[in-house]
Amino acid sequence: MMPPIRNARALATTFALSAITGCGASRRVTTAPVPVAATAPAPRNDIHWFRSSAEYRGIALEVYRSAAEHLLGLIRDQRAGTWAVILDADETVLDNSLSERRDADLGRAYSETAWAAWVRESAATAIPGAVDFTRQVHALGGKVVIVSNRPDSLCAPTRENLTKIGVAADMVLCGPAGVTDKNPRFERVQQGTAVPGVPPLHVVEWIGDNIEDFPALRQSVRSTPDGYRDFGVKYFLLPNPMYGSWVRNAEP
């Protein structure tokens, strides 16, 4: 999922004022403004953990290995070329944490302009385990479908970046700017109307980093007793502490 807007860090300046008294009369002397030395933005633990921790890498590998193991059972009765796995792009296959680090270091809020410039660099690296998983899908006769909320205008560099990291996606479905509901695109894949010449595909697994990367799910699933029944079976979720639809949730 693409990063939401965050508040920019403000900078402060202070002024010094001195009063000097002498010879029975007061006189006021004002010094020149003294700016406070600029300080680097405080480190963000969420980015540091995502980029640097052994724990994150371990979790990502675990998620993809689990998805691969379950895949074998899910496709037992499927013919080659008739089934697919749907994956999100950002923080699921493509690691954009360098972009997050750049913004944080500059004290810069997320902006569509900066994000578009980053996407056009095609410089995102691979999430651990993602490339091997997509290769296994192909080896078993499945299709790799990327459904991203990147706008259509950025789909070409997205495909380029995927190819660069070694992901040979059979379909990359972006969307109109501002449209975040992926369900219509999920349905088109299943109905065979997503890309001309590609028949209906049975989607056996979904992989994402946001609850909205899965069919018909929203943050409200937290209060649904059986809302998580498909996780670890055909839905596989990667952690993303940097951004996501969860930021709008009120704490209990």
Side-chain angles (χ1 to χ4, degrees), residues 1-2 63-94 127 129-163 165-218 221 224 226-238 245:
M1 302 294 292
M2 293 196 307
V63 168
Y64 273 113
R65 287 170 182 165
S66 179
E69 289 172 5
H70 280 78
L71 192 59
L72 299 174
L74 294 170
I75 65 168
R76 188 172 292 122
D77 299 323
Q78 303 295 319
R79 290 182 294 107
T82 65
W83 60 274
V85 172
I86 290 181
L87 305 96
D88 172 54
D90 298 312
E91 278 50 78
T92 298
V93 176
L94 295 172
I127 296 294
V131 175
D132 286 344
F133 175 77
T134 60
R135 288 173 177 167
Q136 182 169 0
V137 170
H138 281 144
L140 293 171
K143 303 288 187 184
V144 172
V145 180
I146 305 293
V147 178
S148 172
N149 277 338
R150 291 183 175 192
D152 287 326
S153 60
L154 296 176
C155 230
T158 299
R159 291 187 182 94
E160 178 184 343
N161 202 158
L162 289 165
T163 300
I165 66 169
V167 173
D170 297 285
M171 281 188 263
V172 180
L173 304 179
C174 299
V179 175
T180 60
D181 186 357
K182 293 184 172 183
N183 288 284
R185 282 169 281 168
F186 294 159
E187 292 168 5
R188 290 199 295 273
V189 172
Q190 294 167 309
Q191 294 166 356
T193 58
V195 174
V198 179
L201 296 172
H202 176 58
V203 180
V204 296
E205 289 183 349
W206 278 261
I207 303 178
D209 68 298
N210 189 309
I211 201 70
E212 295 178 4
D213 293 332
F214 304 93
L217 293 185
R218 295 290 184 269
V221 72
T224 305
D226 63 346
Y228 293 95
R229 65 182 182 277
D230 289 321
F231 284 90
V233 179
K234 64 178 180 178
Y235 295 169
F236 296 88
L237 185 62
L238 290 150
S245 59

> For R135, which residues count as a salt bridge (Lys or Arg N to Asp or Glu O under 4.0 Å) partner, sequence neighbours excluded?
Replying inline: none
> If you look at every heavy atom in V131 and I165, which pair is closest and at what distance?
Replying inline: CG2-O, 3.3 Å
> Should V204 and V85 be marked as a side-chain contact (heavy atoms from CB on, under 4.5 Å) after you check the CA-CA gap, both sets of side-chain angles, and the distance that decides it?
Replying inline: CA-CA 6 Å; V204 296; V85 172; 4.0 Å; yes
> Do the side chain of R185 and the main chain of S148 share a donor and acceptor less than 3.5 angstrom apart?
Replying inline: yes
> Partners of D132 by side-chain hydrogen bond (donor to acceptor under 3.5 Å, both in side chains), sequence neighbours excluded?
Replying inline: none
>> So L140 and L72, do their side chains get closer than 4.5 Å, heavy atoms only?
In response: yes
> What residues, two or more places apart in sequence or in another chain, satisfy ring pair (Phe, Tyr, Trp, His ring centres under 6.0 Å) together with Y228?
Replying inline: F231
> Roughly how far apart are L71 CG and W83 CH2, rounded to 0.5 Å?
Replying inline: 4.5 Å
>> Please give me the minimum heavy-atom distance between I146 and A169, naming the atom from each residue.
In response: CG1-CB, 3.9 Å
> Rounded to the nearest 0.5 Å, how far does NZ of K143 lie from CG of D170?
Replying inline: 5.0 Å
> Minimum heavy-atom separation for E212 to K182, with atom names?
Replying inline: O-CD, 4.1 Å
>> Side chains of N149 and T180 only: does a donor on one sit below 3.5 Å from an acceptor on the other?
In response: no
Under 3.5 Å donor-acceptor pairs involving side-chain atoms of residues 191-203, not counting sequence neighbours:
none

> Does any N or O in the side chain of D209 come within less than 3.5 Å of the main-chain N or O of L238, such that one atom is a donor and the other an acceptor?
Replying inline: no
>> Please find the pair of heavy atoms, one from A130 and one from T92, that lie closest to each other, and give the distance.
In response: CB-O, 4.0 Å
> Quick one: CD1 on I211 to CG on L237, what's the gap to the nearest 0.5 Å?
Replying inline: 6.0 Å
I'd like a table of donor-acceptor pairs (distance under 3.5 Å, sequence neighbours excluded) in which one partner is a side-chain atom from residues 152-159, with atom names and distances.
from : atom 1 : to   : atom 2 : distance (Å)
D152 : OD1    : G175 : N      : 3.3
T158 : OG1    : R150 : NH1    : 2.9
T158 : OG1    : L154 : O      : 2.7
R159 : NH2    : V172 : O      : 3.2

> Can you tell me how far the CG atom of L162 sits from the OG1 atom of T134, to the nearest 0.5 Å?
Replying inline: 9.0 Å
>> With a 3.5 Å distance limit and no angle check, can you tell me whether H70 reaches the backbone of K234 through a side-chain donor-acceptor pair?
In response: no
>> Show me the pairs that pass ring-ring contact (aromatic ring centres under 6.0 Å, His included) and involve residues 131-157, at least two apart or across chains.
In response: Y64-F133
>> Measuring from atom CD1 of I86 to atom CD1 of I207, what distance do you get when rounded to the nearest 0.5 angstrom?
In response: 11.0 Å
>> Looking at R65, I'd like to know if its CZ atom is crowded, meaning that more than 12 non-hydrogen atoms belonging to other residues, nucleotides or ligands lie closer than 6.0 Å.
In response: no
>> Testing F236, Y235, F214 one by one against W206 for a ring pair (Phe, Tyr, Trp, His ring centres under 6.0 Å), which residue passes?
In response: Y235
